[in-house]
Amino acid sequence: MIHARGLARTFRKKKQEVHAVAGVDLDVEAGEIVGFLGPNGAGKTTTLRMLTTLLAPTAGTATVAGCDLVTDPVGVRRRIGYVSQSGATYPDARAGEEVVDHARLYGISTAEATARGKQLFRELDLDGLWERQPKSMSGGQRRRLDIAVGLVHVPGLVFLDEPTTGLDPQARANLWQHIRGLREERGTTVFLTTHYLDEADALCDRILVIDAGRIVAEGTPDALKSQVGGDVLTVTVEHAETAGRVAALMAALPGAEAPQVLDTRVVGRAPHGGAALMSLVRELDAAGIPVAGIESRRPSLDDVFLDLTGRSLRESGGPPVPADRTPAEQPQEMAR
Ligand SMILES: Nc1ncnc2c1ncn2[C@@H]1O[C@H](COP(=O)(O)OP(=O)(O)OP(=O)(O)O)[C@@H](O)[C@H]1O
């Protein structure tokens with residue numbers, strides 16, 4: 001459904017070139033739900049804007065929904081839906097009109113567009129808002145309206161740029177259900193960006209991780225998590241001055257990696273977390289170190305992220321990487 005090779009986009013900013021997307025290869029098969037994850041400024045939106053023909057690539061080739069991105073952009077546009085981060089509805093129009101007008105652009109009759117629009121309003125919990133102006137809707141309602149607009153022409157491939165940002169947990173869960181339903185009932189392929197790791201984990205068949213304009217990992221959520229060696233051990237000490245001794249004990253566990261000390265928290269990784277935890281508890285006890293909490297957990301997608309990008313996705317927000325610096329030279333935002 002999407003096949004891109006060497007896709008790249010460079011911007012000039014204050015006399016400096018920024019390789020927003022620096023040669024991306026990606027393949028998305030029909031019927032897949034694929035999540036595109038990366039820290040702020042990694043190149044997600046730029047990639048989406050290229051794949052949806054809104055931005056010309058500076059290099060590379062791609063076919064999207066069977067059409068060549070560069071030589072047949074109209075063919076691409078006919079076959080896709082795109083819900084941008086900022087949305088595309090006019091604040092003064094009527095919500096229902098927006099949906100119907102969008103469908104009409106795709107040659108759908110007013111009657112059919114209205115029926116589809118009303119069904120989407122029901123599914124997305126927008127019932128009763130058909131006549132409402134977007135400017136008087138809540139942020140979450142407007143987001144769901146954007147999504148209704150992006151889906152009303154029943155595209156075979158949908159691009160969603162952070163679809164659930166600003167939605168409350170119930171609205172997010174509804175939308176996930178709707179996205180799964182699109183795939184199950186209509187075989188729709190979905191390519192989405194998100195900052196929510198639980199969303200990527202719960203919804204996506206496969207995840208692509210982009211950092212500094214390059215794909216740095218891809219796989220199913222489980223495969224990515226199993227790449228992270230060992231379980232995550234966290235000990236919270238009562239007095240920060242004892243954290244160093246705890247880190248030394250943790251580092252001495254069989255197969256452990258160098259732990260991090262974050263004030264009163266010591267975080268490390270070791271294989272077989274349960275057994276490692278038991279032996280750590282014994283040693284802490286023997287050393288007489290007072291502990292406020294101790295836990296072992298399976299690695300999460302955030303741990304995968306931290307491993308791959310040196311940053312936590314939740315706390316990312318770093319500056320763009322100038323073109324003359326490699327991803328490895330990117331400033332590390334968070335102490336590891
Ligand atoms: N029109 C533009 N002109 C100059 N630089 C740009 C432009 N658009 C994007 N960039 C830069 O390209 C890089 C990638 O931006 P992009 O918006 O694709 O990142 P992103 O991964 O979508 O980030 P976020 O998660 O914050 O939305 C950033 O450094 C950004 O500042």
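Just so you know, ligand 1 is whichever comes first in the structure, and atom 1 is the first atom listed for that ligand.
Considering only heavy atoms from C-beta on, V232 comes within 4.5 Å of V267 through its side chain.
Atom CD of Q177 is surrounded by 12 or fewer heavy atoms from other residues, nucleotides or ligands within 6.0 Å.
Remark: ligand 1 and T47 share no N or O pair separated by less than 3.5 Å (distance only, no angle test). For F11, no nitrogen or oxygen atom sits less than 3.5 Å from a nitrogen or oxygen atom of ligand 1, counting backbone and side chain alike. Considering backbone and side-chain atoms together, G43 places an N or O closer than 3.5 Å to an N or O of ligand 1.
Of the candidates D27, V64, L69, V28, H3 forms a side-chain contact (heavy atoms from CB on, under 4.5 Å) with just one, namely D27.
A donor-acceptor pair under 3.5 Å is absent between the side-chain atoms of R183 and the main chain of I179, judged by distance alone.
Classified by interplanar angle (parallel below 30°, tilted 30° to 60°, perpendicular above 60°), the ring pair F159/F191 is perpendicular.
Atoms of ligand 1 found under 4.0 Å from any heavy atom of A42 (numbered from 1 in listed order, with element): 19 (O), 20 (P), 21 (O). Of all the atoms in ligand 1, the ones that sit under 4.0 Å from a non-hydrogen atom of Q85 are 27 (O). For ligand 1 and H195, the ligand atoms under 4.0 Å from any heavy atom of the residue are 25 (O). Each of the atoms 21 (O) of ligand 1 lies under 4.0 Å from some heavy atom of P39.
Looking at D211, T46, L48 and measuring to atom 18 (O) of ligand 1, the nearest heavy atom belongs to T46.
Sorted by first and then second residue, the salt bridge (charged side-chain N to carboxylate O under 4.0 Å, His left out) pairs involving residues 30-41 (not counting sequence neighbours) are E32-R206.
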